[in-house]
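Read the numbers this way: they start at 1 and go in the same order the structure lists the ligands and their atoms. Each residue takes its place number in the sequence, starting with 1. The structure presented is a predicted model; accordingly, all values stated were derived computationally and were not measured.
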Amino acid sequence: MTDGTAAGAEAGALHQALVAALALQAEWGADEALEAAPIDRTALLARGGPATAPDARAARPEPPGPGPAPAPGPTRAPIPGPGAPPPAASRAAALADAAQDLAALREAIAAFDGSPLRETATNLVFADGAAESGLMLIGEAPGADEDRLGRPFVGQSGQLLDRMLASVGIRRETDFYITNILPWRPPGNRTPTDAEVLLFLPFLLRHIALIRPRLLVLLGGSSAKALLRSREGITRLRGRWHQVTLSDGIQLPALATLHPAYLLRTPAAKREAWADLLQLRRRIDGG
Ligand code: URA
């Protein structure tokens with residue numbers, strides 16, 4: 001209950017965030033402390049406000065494919081090889097560079113015919129959330145629900161991601177923007193190939209440059225390895241802040257974390273994901 005005043009609304013939002021945090025912990029069966037000292041969530045959420053990321057002009061996934069669940073360890077990392085890029089890659093780079101705003105970038109991706117993924121997908125999945133928030137999350141590729149609705153992270157894992165973030169006061173409507181490496185669903189929800197990641201990387205880098213977030217969150221191995229140009233698996237990359245370098249040399253702090261689809265398959269890993277979330281919240285709060 002709030003009293004209709006600004007203070008009342010703030011108290012209501014704080015209450016909502018605390019309830020979300022408690023609900024998530026109950027859902028996850030949290031029964032042990034992760035941090036050395038207890039966290040005063042009222043203070044934590046009140047400081048930044050549950051719906052704002054002050055340090056940030058400031059970021060949902062799809063259930064795993066029908067096949068066996070991939071481990072979070074090494075998958076196919078995009079390692080640029082020597083030699084000239086194939087024509088489709090040059091066209092992707094030129095189209096991406098020419099896009100001066102988000103609408104133009106979306107159009108350029110929709111028009112790009114260099115990948116067969118466009119032919120098998122139903123809808124382009126561009127992005128969702130608050131472009132001005134300063135926080136940008138990057139997943140792997142749309143799944144069936146995203147392909148059907150044309151929005152990223154609206155399936156089961158996206159809903160989990162939203163609940164996790166809400167538990168630390170970060171909401172899609174106001175506090176984060178989210179996209180994927182691939183804008184088209186790979187058939188059968190398979191993991192993107194290195195070639196697909198490389199082909200669409202110029203569009204993603206341009207997307208990041210146009211959004212110019214203060215902070216990036218890389219969800220899962222494909223995203224982390226592609227943007228960090230790393231061969232390391234997500235279990236080694238997660239939980240740390242890295243730098244993503246854009247084509248103009250600008251560096252952005254990026255937190256690598258586990259993909260929510262992996263968390264759905266591997267509940268024990270939620271412990272690490274929770275630690276990463278707390279780290280993100282602290283950074284947003286200026287810590
Ligand atoms: N998984 C992702 O990586 N992205 C989505 O949009 C949905 C599921």
Can you sort out which atoms of ligand 1 are near [X], meaning under 4.0 Å from one of its heavy atoms?
X: Gly139; answer: 3 (O)
X: Glu140; answer: 2 (C), 3 (O)
X: Pro152; answer: 6 (O)
X: His259; answer: 1 (N), 2 (C), 3 (O)

Can you pull out every ring pair (Phe, Tyr, Trp, His ring centres under 6.0 Å) where at least one residue sits in residues 209-258? Sequence neighbours excluded, please.
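Checked against ring pair (Phe, Tyr, Trp, His ring centres under 6.0 Å) - neighbours excluded - no pair reaches residues 209-258.
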Would you say Leu117 and Val125 are hydrophobically clustered, going by side-chain heavy atoms of ILVMFWY under 4.5 Å?
no
By ring pair (Phe, Tyr, Trp, His ring centres under 6.0 Å), Phe112 pairs with (sequence neighbours left out) Phe200, Phe203
Answer yes when Arg91 and Asp113 have at least one side-chain N-carboxylate O distance shorter than 4.0 Å, and no when they do not.
yes
Residue pair Thr122, Arg148: steps toward the side-chain contact (heavy atoms from CB on, under 4.5 Å) verdict
CA-CA 6 Å; Thr122 307; Arg148 189 167 45 83; over 6 Å; no
Going by heavy atoms, is Ala141 under 4.0 Å from ligand 1?
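Contact present.
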